[in-house]
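Below you'll find the structure, written out as structure tokens, and then a few comments.
In what follows, chains are A, B, ... by sequence order, proteins preceding strands, each numbered from 1.
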Amino acid sequence: MAATGPLARICRLSSIICRNHCLKYNIGGQRRGIASCIDPAHGLTDEQKEFQKVAFDFAANEMAPHMAEWDQQEIFPVETMRKAAQLGFGGIYVHPDVGGSGLSRLDTSVIFEALSTGCVSTTAYVSIHNMCAWMIDTFGNTEQRERFCPDLCSMEKFASYCLTEPGSGSDAASLLTSAQLKDDHYILNGSKAFISGGGDTDVYVVMCRTGGKGPKGISCLVVEKGTPGLNFGKKERKVGWNSQPTRAVIFEDCAVPVSNRLGEEGQGFTIAMRGLNGGRINIASCSLGAAHASVLLARDHLLVRKQFGETLSNNQFLQFKLAEMATKLVASRLLVREAASALQENRSDAVSICSMAKLFATDECFNICNQALQMHGGYGYLKDYAVQQFVRDVRVHQILEGTNEVMRMIISRNLLSES
Amino acid sequence: FQVGLLVSVKRFFLFLFEIRVKPDKSGVVTDGVKHSMNPFCEIAVEEAVKLKEKKLIKEVVAVSCGPQQAQETIRTALAMGADRGIHVQVAGKDYENLGPLQVSKIMAALAKKEEAQLVILGKQAIDDDCNQTGQMTAALLDWPQGTFASEVSFEGDKLKVVREIDGGLETITINTPAVVTADLRLNTPRYATLPNIMKAKKKKIAIMKPEDLGVDITSRVEVLRVDEPPQREAGVKVETVQDLVGKLKDSGLV
């Protein structure tokens, strides 16, 4: 093949530079090699493969080159996310009549998995934004859907999900933020912790207490930035997820119109949990993308790095380790995609399988990324190499959207409950 | 100015793939390799869609010649904004022997059948790098050609094409109907959007055979052997200029 075209020259040059500076990225999931056992396109319909291709191309061209910079400078990449929204990624499973793309949960999982290969942190935020847009789309009335969803789908406005408080994480139903009804407004008092996007986003979906104790006393309100009494804490300094700001959200006599309540009073906890079922698949999908990218980085490194007179790829321990990583990746992917289908079809096991998928995929994929780092040796610990960022970014997936311990609670309750 | 436009798209390996020659030296390994649209064809489709958006073109028809999988490439063109597709079925040994002459005969026949006013192709395909199909198509149709285009615009009912040539840039004005081949800097192809991918499903792809167009696709060329380029050998260091001249003379280079 004549390698004189400018296109071929650029690609050879960039692959040489990539090898030296080692901020590598994956085009279409694979830079070299014949068909791979971990190809994420296996088993997808032609249309899903098209969605996946767009997402991979976007990740490789628009996200991967900036992934390290966004992490190190803590930049919230608003323009890039808006470009993604123009392609339809702002409200992937929101109804088209309010600006969404109307795709299935499985399509969504495939897309987030592909986008994560470009930047896990940014993709994870986009998935949270999608979750909020869906909650308003599903539980909001016509006026609320038309007021909020179009701007969220285009990412003209950004959203945050506010459930966790300093005193209630896993025990979410014990939340204390109160919403007292006064004429046609709720007066909110309390604070939320660890809110992704907090302070930089425009629309806050807030779970608060309008009634008595426990889940039945919780309602869901949409609070807009700029509402008097809505304040934010300092920006948290995190180990990963640095391309999204995380802040406490503080309500001090914050008046929110009753017309901003999604669904009925007392329905808030159900809305929150229904949102999280999908959110868990999304976060698990982000872990899949990171693990996929990490396996490819590890493989490329093994083929290049030489010790004891030969490339690391001739070392049986590393061969077997890579095989185990690939196997666990594919197993995780299958479970996540099955959970996505179960949720889409509203199957009776949807909640448990979403919990299983989140538990399994986030744990296994963190281990895969971590082992990929180990295979890089000392280089894996340098910030010049992308693999450490994948490790840091996916670590938190085992904690948020329901800790993996809470996932075990949900699954064991299903197994051991008498009725 | 309402014209119809044919854009030709070809499917090959994803452009960063490492190519491997088959052990029997009959060609390159294609099994299981990720394929996508030829990069120059993507640029051609983008230009076609842009001209349609500027309302200079009425309809964009994407054409591909090949086996069943060619439809994937047409679907990508549809997702980028083409209106409909034509899949000319060529499979098996016929496909392996399909070269620029055969494709240009097909394109010429289609251009006449569709009454197209403009045919846009990528300047070359990254598998054979022939850079012939556009030129041959123009010759068969006896149409003017604007090749290696880095800029295309309409001036009245003529086409102004800025071409990338060895010496720099050449601007020509040609009559329509015409053939244009797209070079690297013509534009940056857009991403297909999710809604457009879904709409593309509903767009029509007509299927036909070369015989239906009265085209004979027997090849005049036979591939005898495919080899990898020779491995780069180590150089030789010499002490003096005399030695250098001596070595050059010995290897017959001087």
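A 6.0 Å sphere centred on CD of B:Glu151 holds no more than 12 heavy atoms belonging to other residues, nucleotides or ligands. By the 6.0 Å contact criterion, NZ on B:Lys50 is enclosed, its count of non-hydrogen atoms from other residues, nucleotides or ligands being greater than 12. Heavy atoms from other residues, nucleotides or ligands lying under 6.0 Å from NZ of B:Lys203 number more than 12. No more than 12 heavy atoms of other residues, nucleotides or ligands shown are found within 6.0 angstrom of NZ on B:Lys160. Counting heavy atoms of neighbouring residues, nucleotides and ligands inside a 6.0 Å radius, atom NE2 of A:His66 exceeds 12 of them.
Shortest non-hydrogen contact noted between A:Lys53 and B:Ser36 is CE-CB, 4.0 Å.
The side-chain contact (heavy atoms from CB on, under 4.5 Å) test with B:Ile197 is passed by exactly one of A:Leu87, A:Val54, A:Asp46: A:Val54. Only one option out of B:Lys201, B:Lys199, B:Lys202 pairs with A:Glu47 in a salt bridge (Lys or Arg N to Asp or Glu O under 4.0 Å); it is B:Lys201.
Between A:Phe51 atom CZ and B:Leu194 atom CG the span is 6.0 Å, to the nearest 0.5 Å.
Between B:Arg75 and A:Glu50 there is no salt bridge, since no side-chain N of the basic residue sits under 4.0 Å from a carboxylate O of the acidic one.
For the residue pair B:Tyr191 and A:Glu62, a side-chain donor N or O sits within less than 3.5 Å of a side-chain acceptor on the partner.
At a 4.5 Å heavy-atom cutoff, the contact between A:Ala41 and chain B is made by side-chain atoms alone.
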